[in-house]
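See structure below.
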Amino acid sequence: MSKTEWGKKCMSVHKHIAGQQEAWIFANPVDTVTLGLHDYHTIITRPMDIGTVKKNMESGVITSPDMFIDDMKLVFQNAMKYNPE
């Protein structure tokens, strides 16, 4: 599958997830200063958000479908790790 093909498919998945009503919370990097999350970067060593995933797709940082999947999963894994309850 060419990059154009998998890229379109990945961006379609991204658009679907980003379009969900609850997705706004994952749209941008966590603002640790405003939110007072002084321990965030101690707990979360590789922050990720869906806006960054999109930028990384568009700029060529993400070079395979597996990288896309890993980064999209990381968005939610980080949320669950930092907010275990």
Side-chain angles (χ1 to χ4, degrees):
M1 181 181 309
S2 73
K3 182 176 188 325
T4 303
E5 292 177 62
W6 68 257
K8 285 180 182 178
K9 290 181 181 191
C10 289
M11 289 308 291
S12 177
V13 169
H14 181 279
K15 183 177 179 180
H16 177 76
I17 292 170
Q20 299 302 305
Q21 184 176 2
E22 302 83 8
W24 65 270
I25 195 75
F26 303 105
N28 298 299
V30 173
D31 185 346
T32 59
V33 175
T34 300
L35 297 172
L37 305 176
H38 307 291
D39 62 346
Y40 185 81
H41 292 289
T42 302
I43 297 168
I44 303 301
T45 56
R46 186 168 174 249
M48 188 56 60
D49 61 274
I50 57 178
T52 299
V53 173
K54 182 178 181 182
K55 288 178 200 167
N56 288 346
M57 282 291 294
E58 293 171 343
S59 68
V61 172
I62 293 176
T63 59
S64 72
D66 289 335
M67 286 180 72
F68 172 81
I69 292 166
D70 290 346
D71 280 359
M72 287 298 285
K73 286 171 49 178
L74 184 60
V75 172
F76 304 104
Q77 289 168 341
N78 285 347
M80 292 185 291
K81 184 175 184 179
Y82 191 77
N83 304 287
E85 295 176 13

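FYI, side chains are in, hydrogens and waters are out, and symmetry mates aren't considered; it's all heavy atoms of this structure.
The shortest non-hydrogen separation linking Met48 to Leu74 is CB-CD2, 3.8 Å. The heavy-atom pair separating Pro65 from Cys10 by the smallest distance is CA-SG, 4.2 Å. Between Ile25 and Glu22, the closest heavy-atom pair is CG2-O, 3.5 Å. The two residues Trp6 and Ser64 make their nearest non-hydrogen contact at CH2-N, 3.3 Å. Contact detail for Phe26 and Ala79: the closest heavy-atom pair is CE2-CB, 3.7 Å. For Ala23 against Ala18, the heavy-atom pair with the smallest separation is CB-O, 3.5 Å.
Follow the hydrophobic side-chain contacts under 4.5 Å out from Phe76 and you never reach Ile44; the two are in separate clusters. Under the 4.5 Å side-chain heavy-atom criterion for grouping Ile, Leu, Val, Met, Phe, Trp and Tyr, Met80 is not connected to Val30 through any hydrophobic cluster. Note: the hydrophobic cluster containing Phe68 does not contain Val61 (ILVMFWY, side chain heavy atoms under 4.5 Å, direct or indirect links). Hydrophobic clustering of Ile, Leu, Val, Met, Phe, Trp and Tyr side chains at less than 4.5 Å, counting indirect connections, keeps Val33 apart from Leu37.
Side-chain contact between Ile50 and Met72: present, with at least one pair of heavy atoms (C-beta onward) separated by less than 4.5 Å. In this structure, the side chains of Asp39 and Tyr82 come closer than 4.5 Å at one or more pairs of heavy atoms. Put simply, the side chain of Val13 reaches to within 4.5 Å of the side chain of Ile17, judged on heavy atoms.
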* **Test side-chain contact (heavy atoms from CB on, under 4.5 Å) applied to Met11 and Met57, step by step** => CA-CA 8 Å; Met11 289 308 291; Met57 282 291 294; 3.7 Å; yes

* Asked: side-chain contact (heavy atoms from CB on, under 4.5 Å) between Gln77 and Asp70: does it pass, once the steps are laid out?
  -> CA-CA 10 Å; Gln77 289 168 341; Asp70 290 346; over 6 Å; no

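We find the CG-CG distance between Asp71 and Asn56 to be 6.5 Å, quoted to the nearest 0.5 Å. For the atom pair Asn78 CG and Tyr40 OH, the distance stands at 5.0 Å (nearest 0.5 Å).
A donor-acceptor pair shorter than 3.5 Å can be found between the side chains of Asp49 and Thr52.
Under the rule for a side chain to side chain donor-acceptor pair (under 3.5 Å), Asn83 has no partner lying at least two apart in sequence or in another chain.
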